[in-house]
Amino acid sequence: MSPSRDLSAPTGADSDALHSITDAVLWLSTAIVHHANRVRPNPTGMKVGGHQASSASMVAIMTSLWFEHLQPGDRVSVKPHASPVLHAINYLLGELDESYLTTLREFGGLQSYPSRSKDPDPVDYSTGSVGIGATAPIWGAFARRYVDATLTATGTGRQYSLVGDAELDEGAVWEAILDPSVQHLGEVVWIVDMNRQSLDRVVPNIAAGRLESMFSAAGWQVLTIRFGLLLEDLFTRPGGRALRRRIVDMPNPEYQRLLRCTAQELRGRLPGTDRDAAEITSLITALDDSTLTAAIRNLGGHDLNTLRHAYSQIDDARPTVIIAYTIKGYGLPTEGHPQNHSSLLTDTQYRELATALGKDTARPWATFDHDSAPGRLCAATAARLRRDAVPSDVPPTVPTDLGRTPPAVSTTQAALGRALLDLTRQAPEVAQRVVTVSPDVSSSTNLAGWLNKVGVWSTDERHNWFDDDRETIMHWREKPTGQHMELGIAETNLVGLIGELGATWSRWGQPLFPIGVLYDPFVERALEPWSYGIYAGGQSILVGTPSGVTLAAEGGAHQSIKTPSIGLEQPGCVSFEPAFAVEVEWVLMDCLSRLGRPDGSSSYLRLSTRPVQQDLAAVPTDAAARERRRRQVVAGGYVLRRCSDQPAVTLVAVGAMITETLTAADRLAHIGLAADVVCVTSPGLLFEAVQARHGLADGPSWILEQILPPDRAAPMVAVLDGHPHTLTFLGTVNRVPIKSLGVSRFGQVGSLDAVYKYHGIDTDSIVRAALDLIA
C-alpha cells in the first residue's frame, strides 16, 4: 500500500541539517507554549496551558518521520499533547503563517489539540480525546480501501498513529487492535512514545514486554527501539553487557532519577551495588562528563539514525507498531522531572534553552536561510509532501419519497431494511454510496435483506460455504465491493469506522453515506467517540434499535432511557424517532441528503421493535397533502388528529407511544373531552425551532405554528419511551401547563403492558394526566 521509500543514511551535510531542524522544532514547539503562557497578555489570570515536556519527547520521532520518510499519500494522527510539534513542522514547511505561532489556545488560533476542522494548518486527524485519535487511522485505512474498491483510486499511503504510552491504557485502543480485520491492514503504522510517565508520576512498571506480546498476538509486526547508537556502542565495550543489564533491569523511577543527576552523581549512582558494579565503574571511568550524561539519555526515540533504521524495517504486509523509548521533556531543563507533564519553563529556563540551541528569544520565530542546508531540506521536504487538490464529487440527489405502502402492521426497525432495499431499485446511484456497519447484529436489526443484496465487505473475496444451504436466510458473501461492514461486538469500533467513512468526501473527494446500526441501549457507550468523529468532520447516520422499554422482556439492563437526549444535545447532529414505517423512509432520505458535503451533518435515528398499526398514520392519499405531511415529519412533527372543537388538551407522543396516545384520545373523547394529537418525530428540531423563534438560533420556526398553533393552545400531556424531560420545553411554545410522562428509573422485566404501567406511560396514565390538567 506504500510507494518505495528511500531510507538510506544521509550524508554528513544532510545529517547536520536534520539535527539543526530537530533543534529548531524543539525550540519552536517550546516557544509556542511559552508565548501563550508567559508573553501573551492574560487579563483573566486563567491558566492557558500546553505541554512542553510531552512535545519534547516526540521531536526526533516526528522530525525524522516528516523530513526523511513521509510521502504525500501518507496520513498521520499526532498525539494530542504534541500539537505544538506539528505546528512547528508545518511552519518550517511553509504550511503555517508566522502570525499563528503566538495564538496557541487563543480564540481563532491554534487549537489545544490537533483539529482537522479548526486549525489553520494541515491536520490529518483530529485528536484530543485519549485513544480515539490513536485508532482513527485504522478506520481511515478501512475507508480508503473501501473507496478504492467501490468508487475510484485514491493512490497509496500509510496511516500513522503517534501514540503516547499512556493512551494504551484506553480500552478503545485494544478493541480496535484486536478486531480480526485489522491484521490485514499493512498500511497501518503506530509509533508509541514510550516515555514511561503519566500525568502525575513516573510509572513504576510500564510492562513494555507485555505490550509487545499483545501487539504480536494480534498479528502486528513489533519493532522496539530502546537505545541509541551511543549506548549501543558502549554496550560493545568491556563492561558494556553489565551496563546494559543494569539499565534494562532498573525500575523506571530509578532511571528517571538518573536524568536529574550531574555527571559526578551519575558516577556514584549508575554502577549500583550488585556484582556488575565494578565492571560498570570501570567502563564509565573512561568517559568524559559530557559523554556520560549524553549516554544515560541516549534512547532510541531520540536517535535519528536508530529511528531511520526502524522505519526501514516496516513490513507493509501487516500492521506495524514501533515502540520507541523516549524521555519526557528531552532536551529541556524539566527533562525527566516526575511532575513535568504540564509544567512550563520559567523565563530563566527559557533563556537557557535559547542559549543551548543557539536561538534568540527576541526573534523566536526566525527560520533558516533558504540557501542553507537546513533551508534546502525544508524546501525539498515541502515539495515532496505537497498534495494535489482533490476535486470533490457532488453527492447524488437523494429522493425524498420512495412511495412505499407499508404493511398493515409493522415496526420502524423493519422499515429501515425495506427502505434500503427500495433505494437500490429506485435510486441506485444513491444506494451505491451507502455503506452499513454493525457490531454483529445485522440479522437482529433487520438488515438481512440489504446484506443479501449488496454483500459484505472484506479485503479479499471469500467463499460462502452456506450459499447452497436452503435453510440459511442471510447469505454472507464477502468481497471487496460489499457494502456492509461487520465488526466484532465493540461499539467504539463501529462509530470510529462510520466517522472515517463519513470523512471520505473531504479526504478523497468521494462522499459516502455510512449508516451504523446498533442496539439503542449501547449508543451511550459509543457516544463519545461518535461525537468526536462528528467534531473531526465525519458525517454519518447512527441508528439505535431496538430502543426504550419496549424491550420489556430483556429487562432493565437493556432498556434505554437517556438516548432521546442525544438528539437534543449532540452538536452537528439531527435526530429522529419516527412512529410509522413511512416516516422511517422519509426521515432516512432526509438524513442521507445531509451527508457528504461541507455544510452537511450527522443524524441519529431511534427505532423500535414495537408493532404498530400502520393505518393509524392516516397518510394523505392526495400527492400535495402527502408531501406536506412529509415536510412536517422531517421538520420535527405533525398533527396526527385534530378534533373538530377547541381541544381541552393536547396529547403529544413520540415514536411507538403513538398507539397508547391515540387510544387515550379516544377514551377522553368518549367522556366528552376533545384532544388534539401531535406526533413528534424530532424533539431536537422542535427545540431548535423554539430557540430560533426566540432569536437564539438560526433556522426556521414555521413548524411550531403548524403543529401547535396559538389559537388551539391547551394544556399538554407529552409521552415518550425515554426520559420525560425530552419534551418538557414544548409547554413554553404557547405557555401552557404540561405533564411530561416518560421513563426516569431503571426498568423491569415483564410484559409490555406491565412495564408501561410500571413507568406510567400506559394509556391509563395518559388519561389520568390529562384529567388532572383539565381539572
Side-chain angles (χ1 to χ4, degrees), residues 548 550 564 577-580 582-583 608 610 612-620 625 628-629 632-633 635-683 685-687 689-690 703-722 724-743 752-753 756-757 759-775:
T550 53
E577 185 169 351
F580 299 102
V582 68
E583 296 170 15
S608 174
R610 166 78 188 280
V612 174
Q613 288 287 138
Q614 297 301 303
D615 59 0
L616 295 176
V619 178
R628 181 174 184 270
R629 168 72 67 84
Q632 291 176 332
V633 165
Y638 60 96
V639 178
L640 179 56
R641 183 183 294 178
R642 179 159 284 166
C643 58
S644 57
D645 301 323
Q646 185 70 16
V649 65
T650 300
L651 304 183
V652 180
V654 176
M657 296 307 307
I658 198 66
T659 298
E660 282 69 27
T661 305
L662 288 171
T663 303
D666 290 340
R667 286 174 52 180
L668 289 170
H670 187 70
I671 58 176
L673 297 174
D676 281 351
V677 177
V678 174
C679 184
V680 169
T681 54
S682 176
L685 288 177
L686 293 186
F687 181 77
V690 170
I703 188 64
L704 299 177
E705 283 70 31
Q706 293 199 3
I707 66 173
L708 296 172
D711 61 346
R712 298 187 68 80
M716 184 181 297
V717 177
V719 58
L720 79 160
D721 189 353
H725 87 90
T726 308
L727 297 176
T728 301
F729 72 92
L730 288 177
T732 69
V733 174
N734 291 317
R735 299 181 181 180
V736 298
I738 183 172
K739 277 184 174 288
S740 297
L741 308 183
V743 181
L752 192 62
D753 290 343
Y756 273 17
K757 183 176 182 180
H759 289 292
I761 57 175
D762 58 325
T763 301
D764 285 350
S765 297
I766 298 171
V767 171
R768 281 197 300 270
L771 293 175
D772 288 345
L773 281 173
I774 295 169

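Just so you know, residue 1 is the first one in the sequence shown, and it goes up from there. Just so we're clear, the structure is a prediction, and the values are computed from it rather than from any experiment.
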Problem set entry | Verdict with reasoning, Tyr756 to Thr550, per side-chain contact (heavy atoms from CB on, under 4.5 Å) | CA-CA 8 Å; Tyr756 273 17; Thr550 53; 3.2 Å; yes
Please report the closest heavy-atom contact between [X] and [Y], naming both atoms and the distance.
{"X": "Ser608", "Y": "Arg610", "result": "OG-N, 2.9 Å"}
{"X": "Ala674", "Y": "Cys643", "result": "CB-SG, 3.6 Å"}
{"X": "Ile761", "Y": "Leu720", "result": "CG2-O, 4.0 Å"}
{"X": "Ala579", "Y": "Ile658", "result": "CB-CG2, 4.0 Å"}
{"X": "Pro620", "Y": "Ala625", "result": "CB-CB, 3.5 Å"}
{"X": "Lys739", "Y": "Ala769", "result": "CD-O, 3.5 Å"}

For this session: Start with the C-alpha distance between Asp666 and Thr663, add both sets of side-chain angles, then the distance that settles side chain to side chain donor-acceptor pair (under 3.5 Å), and finish with yes or no.
Result: CA-CA 5 Å; Asp666 290 340; Thr663 303; 5.4 Å; no
Which value, rounded to the nearest 0.5 Å, describes the distance between [X] atom [atom1] and [Y] atom [atom2]?
{"X": "Arg712", "Y": "Arg642", "atom1": "CZ", "atom2": "CZ", "value": "5.5 Å"}
{"X": "Asp764", "Y": "Asp762", "atom1": "CG", "atom2": "CG", "value": "5.0 Å"}
{"X": "Ile671", "Y": "Ile774", "atom1": "CD1", "atom2": "CD1", "value": "7.5 Å"}
{"X": "Leu727", "Y": "Ile738", "atom1": "CG", "atom2": "CD1", "value": "7.0 Å"}

For the backbone of [Y] and the side chain of [X], can you confirm whether one donor and one acceptor N or O come within less than 3.5 Å of each other?
{"X": "Thr681", "Y": "Glu577", "answer": "no"}
{"X": "Asn734", "Y": "Leu708", "answer": "yes"}
{"X": "Glu705", "Y": "Ile703", "answer": "no"}

Is any side-chain heavy atom of [Y] closer than 4.5 Å to one of [X]?
{"X": "Leu662", "Y": "Arg641", "answer": "yes"}
{"X": "Glu660", "Y": "Val719", "answer": "no"}
{"X": "Leu773", "Y": "Met716", "answer": "no"}
{"X": "Leu771", "Y": "Leu668", "answer": "yes"}

Which atom pairs, donor and acceptor, lie under 3.5 Å between side-chain atoms of residues 644-656 and protein residues at least two apart or in another chain?
from, atom 1, to, atom 2, distance (Å)
Gln646, NE2, Asp711, O, 3.0

For this session: Carefully, step by step, assess Val678 and Leu730 under the rule side-chain contact (heavy atoms from CB on, under 4.5 Å).
Result: CA-CA 11 Å; Val678 174; Leu730 288 177; over 6 Å; no
Problem set entry | Audit row: His759, Leu741, side-chain contact (heavy atoms from CB on, under 4.5 Å) steps and yes/no | CA-CA 8 Å; His759 289 292; Leu741 308 183; over 6 Å; no
For this session: Determine, step by step, whether Val733 and Ile707 satisfy the side-chain contact (heavy atoms from CB on, under 4.5 Å) criterion, reporting the C-alpha distance in whole Å, the side-chain angles of both residues, the deciding distance to 0.1 Å, and the verdict.
Result: CA-CA 11 Å; Val733 174; Ile707 66 173; over 6 Å; no
Exercise. Who pairs with Asp753 by salt bridge (Lys or Arg N to Asp or Glu O under 4.0 Å), at least two apart in sequence or on another chain?
Worked result: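 Partners of Asp753 under the salt bridge (Lys or Arg N to Asp or Glu O under 4.0 Å) test: none.
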